Amino acid sequence: MSFSEKILLWYSGNKRSLPWRSTRDPYKIWLSEIMLQQTRVAQGLPYYLKFNEAFPAVEHLANASEEQVLKLWQGLGYYSRARNLHATAKMVVEAYGGHFPNTYKELLNLKGVGDYTASAIASICFDELQPVVDGNVYRVLARYFGVDTPINSTSGVKYFKQLAREVMNTENIRDYNQAIMEFGAIQCAPKNPKCSNCPLNESCVALQKNLVDLLPVKINKTKVKKRYFNYLVMLDTENQIKLQQRRGKGIWQNLWEFPLFETKTESNMSEIKHHLTSNFGLGSSTEISLHNEDQIVHKLSHQHLYTKFWIVKTDARFDDGIALRKLDEFPVPVLIADLIKTLKNSYF
DNA sequence: AATACGGGGCT
DNA sequence: AGCCCAGTATT
């Protein structure tokens with residue numbers, strides 16, 4: 001039996017039952033693939049179900065507002081995926097008459113669709129012979145064939161794509177692509193892979209050479225930057241709260257947050273007072289208190305956000321203030337959503 | 001060729 | 001604390 005046949009056989013007996021496995025609707029496959037980029041199935045699944053219910057077809061998604069889409073996406077991370085998802089839905093409806101392109105090459109033109117996702121949609125929906133190479137596939141191939149070329153080097157990306165193409169199953173590309181990913185997720189897992197009962201263990205190079213824990217090789221460790229966030233939870237006389245939308249580049253684009261005062265180091269009361277006075281012109285009756293004595297550390301891939309929430313009770317009346325119960329309608333980062341939750345439980 | 005981009009789960 | 005996850009876009 002060939003490599004790909006063993007993978008397919010393993011898949012037939014071990015695959016999880018997942019909603020996107022029972023359809024070839026490009027809209028559904030596309031939706032699942034975008035959501036699962038750099039995201040575990042367990043984390044993405046509830047979002048897939050929510051989106052299916054809210055937007056049963058691409059037209060529904062295209063007709064939604066970006067705000068609605070971001071709100072449903074809240075908590076899943078990598079929010080450019082949501083913005084691109086929405087833009088692509090509009091493009092599919094307006095430029096393609098509601099029909100997704102049906103080739104790998106054409107699919108690559110869609111925003112948020114790269115090599116992996118185009119291959120996945122083309123193979124799963126249209127039986128095009130394109131191998132998928134995701135994190136799972138890198139791991140399975142690197143171990144089984146004993147390849148130590150870094151998977152994220154330019155030459156590595158090219159090498160593994162070619163290797164994947166050579167060993168793919170051309171009779172059933174649709175199941176095979178899902179099978180090798182599932183195999184990587186369940187059997188050939190990053191930590192504690194189940195080599196003892198693996199159907200490929202007699203011919204796995206990494207296992208024979210005791211290299212399983214060393215493969216795949218990955219370069220470029222991410223260095224984490226520290227940032228100091230001071231969120232100003234500003235209340236007016238009616239307990240309305242100021243909220244603003246993040247614009248431009250950087251994290252959380254188009255999501256909402258409290259007015260932010262970022263500092264180079266941990267801030268203190270007098271610095272906050274000074275900032276408030278010079279930026280908001282607050283009166284002397286304003287009460288300021290620190291909500292969290294210890295800084296909340298919110299961890300992103302490339303930065304740790306050391307955060308203090310300052311409660312600022314003013315004697316003003318905000319024109320653009322938001323009632324506490326209305327805050328839930330806005331798409332916000334998890335850091336803000338958590339604070340809103342504690343506000344609702346403790347303050348009012 | 002590097003880096004930015006979330007959040008959560010596992011070791 | 002570090003690594004990884006059905007990667008892509010930008011610099």
Side-chain angles (χ1 to χ4, degrees), chain A residues 11 15-16 18-21 29-48 70 73-85 87-88 107-121 123-124 130-140 150-158 160-161 164 174 176-186 188-193 213-214 216-225 227 246 248-255 297-305 331-338:
Chain A
Y11 183 62
K15 67 178 171 187
R16 290 168 289 185
L18 298 169
W20 50 82
R21 296 232 212 266
I29 299 301
W30 164 73
L31 184 59
S32 71
E33 294 299 345
I34 300 296
M35 285 184 165
L36 294 176
Q37 288 168 4
Q38 292 293 284
T39 304
R40 287 167 200 284
V41 167
Q43 189 186 3
L45 182 54
Y47 287 83
Y48 176 81
L70 284 172
W73 197 273
Q74 181 179 310
L76 196 54
Y78 283 165
Y79 296 93
S80 67
R81 292 184 294 170
R83 298 190 300 270
N84 287 335
L85 187 84
T88 291
L107 285 160
L108 276 178
N109 294 328
L110 303 177
K111 280 187 182 176
V113 175
D115 187 279
Y116 163 78
T117 305
S119 301
I121 299 172
S123 62
I124 293 172
Q130 295 289 347
V132 293
V133 185
D134 74 334
N136 294 304
V137 176
Y138 279 121
R139 185 168 54 256
V140 172
I151 60 173
N152 54 345
S153 64
T154 303
S155 62
V157 169
K158 200 173 163 186
F160 280 97
K161 179 80 178 178
R174 167 179 154 78
Y176 169 77
N177 272 342
Q178 298 182 77
I180 189 168
M181 291 190 285
E182 187 80 339
F183 182 82
I186 308 287
C188 195
K191 302 289 180 188
N192 305 322
D213 291 335
L214 300 177
V217 174
K218 199 171 180 178
I219 50 176
N220 304 339
K221 313 285 182 200
T222 64
K223 37 181 185 259
V224 177
K225 181 182 171 188
R227 299 176 72 181
R246 287 187 74 92
K249 298 186 183 302
I251 59 173
W252 303 332
Q253 216 175 103
N254 294 7
L255 272 65
V297 187
H298 189 74
K299 295 178 178 179
L300 309 180
S301 315
H302 291 74
Q303 31 188 307
H304 287 356
L305 310 177
V332 297
V334 166
L335 176 62
I336 302 298
D338 286 347

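A, B, ... follow the sequence lines: proteins, then strands. Residue 1 opens every chain. Because the structure is a prediction, the values reported are computed rather than measured.
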Show, in sequence, the C-alpha distance, side-chain angles and deciding distance for K299(A) and V297(A), and conclude whether the side chain to side chain contact (heavy atoms under 4.5 Å, CB included) test is met.
CA-CA 6 Å; K299(A) 295 178 178 179; V297(A) 187; 4.2 Å; yes
Considering only side-chain heavy atoms of R139(A), which listed nucleotide, dG7(B), dC5(B), dC4(C), is closest?
dC4(C)
Run Q38(A) and Y78(A) through side chain to side chain contact (heavy atoms under 4.5 Å, CB included) and show every step you take.
CA-CA 9 Å; Q38(A) 292 293 284; Y78(A) 283 165; 3.8 Å; yes
Heavy-atom pair of closest approach, residues N177(A) and S123(A):
ND2-OG, 2.9 Å
Residue mapping more 5' on DNA chain B - nearest nucleotide basis, H302(A) or S155(A)
S155(A)
Of the listed nucleotides (dA6(C), dG6(B), dT11(B)), which one gets closest to any side-chain atom of Q43(A)?
dG6(B)
Report the distance from atom NZ of K223(A) to atom P of dC3(C), rounded to the nearest whole Å.
14 Å
Closest to side chain of N136(A), choosing from dC4(C), dA6(C), dA9(C)
dA6(C)
Would you indicate which nucleotide in dA6(C), dT11(B), dG7(C) comes nearest to any side-chain atom of N192(A)?
dT11(B)
When the distance from CG of L110(A) to C1' of dA9(C) is rounded to whole Å, what number comes out?
15 Å
With sugar-phosphate meaning primed atoms plus P, OP1 and OP2, does L76(A) contact a base, only sugar-phosphate, or nothing at under 4.0 Å between heavy atoms?
base
When you check the phosphate oxygens OP1 and OP2 of dG7(B), does a side-chain N or O of R40(A) lie under 4.0 Å from one of them?
no
With a cut-off of less than 4.0 Å, is there a side-chain N or O of Q38(A) near OP1 or OP2 of dC5(C)?
no
Within the structure shown, what part of the strands sits under 4.0 Å from G44(A) by heavy-atom distance: base, sugar-phosphate, or nothing?
nothing
Between L108(A) and R21(A), whichever has its closest DNA chain C nucleotide further toward 5' is R21(A)
Determine the interatomic distance between P on dA4(B) and the same-named atom on dA6(C); round to the nearest Å.
24 Å
Specify the separation, in whole Å, of atom CG of L214(A) and atom C1' of dC3(C).
15 Å
To the nearest Å, give me how far apart OH (Y138(A)) and C1' (dA6(C)) are.
13 Å
Looking at every strand, decide which applies to N177(A) at a 4.0 Å heavy-atom threshold: base, sugar-phosphate, or nothing.
nothing
To the nearest angstrom, the NZ-C1' distance between K218(A) and dG7(C) comes to 10 Å
If you look at every heavy atom in V113(A) and L107(A), which pair is closest and at what distance?
CG1-O, 3.3 Å
Taking only side-chain nitrogens and oxygens of H298(A), does any of them come within less than 4.0 Å of OP1 or OP2 of dG6(B)?
no
Return the value, rounded to whole Å, for the distance between atom CG of D134(A) and atom P of dC4(C).
14 Å
Shortest non-hydrogen contact from L70(A) toward A82(A)
CD2-CB, 3.8 Å
On the nucleotide dT11(C), are OP1 or OP2 found under 4.0 Å from the side-chain N or O atoms that K249(A) carries?
yes
Can you check whether W73(A) has a side-chain N or O nearer than 4.0 Å to OP1 or OP2 of dG7(B)?
no
If you measure from the C1' atom in dT8(C) to the same atom in dG9(B), how many Å do you get, rounded?
23 Å
Quick one: K299(A) NZ to dG8(B) P, roughly how many Å, whole number?
13 Å
Separation of atom OH in Y176(A) from atom P in dA6(C), rounded to whole Å
16 Å
Can a side-chain donor-acceptor contact be found between Y116(A) and E33(A) if the only test is distance below 3.5 angstrom?
yes
Can you tell me how far the CD1 atom of I251(A) sits from the NE2 atom of H298(A), to the nearest 0.5 Å?
7.5 Å
Within the structure shown, what part of the strands sits under 4.0 Å from S80(A) by heavy-atom distance: base, sugar-phosphate, or nothing?
nothing
Ignoring the backbone of W20(A), work out which of dC5(C), dA6(C), dG7(B) is nearest its side chain.
dA6(C)
Under 4.0 Å: is that the gap between some side-chain N or O of T117(A) and OP1 or OP2 of dT8(C)?
yes
Using a heavy-atom cut-off of under 4.0 Å over every strand shown, decide if G250(A) touches base, sugar-phosphate, or nothing.
sugar-phosphate
Nearest-0.5 Å distance that lies between atom CH2 in W252(A) and atom CG in L300(A):
5.5 Å
Any Q303(A) side-chain N or O less than 4.0 Å from OP1/OP2 of dC5(B)
yes
Would you say a side-chain N or O of Y79(A) is under 4.0 Å from OP1 or OP2 of dG7(B)?
yes
Looking only at dT11(B), dA6(C), dG7(B), the nucleotide nearest the V334(A) side chain is dG7(B)
Give one of base, sugar-phosphate or nothing for V113(A), where a contact means two heavy atoms less than 4.0 Å apart.
sugar-phosphate
State whether the distance check finds a donor on one side and an acceptor on the other, under 3.5 Å, for side chain Y116(A) versus base dG7(C).
no
If you go through the side-chain atoms of T39(A), does one of them form a donor-acceptor pair with the base of dG6(B) closer than 3.5 Å?
yes
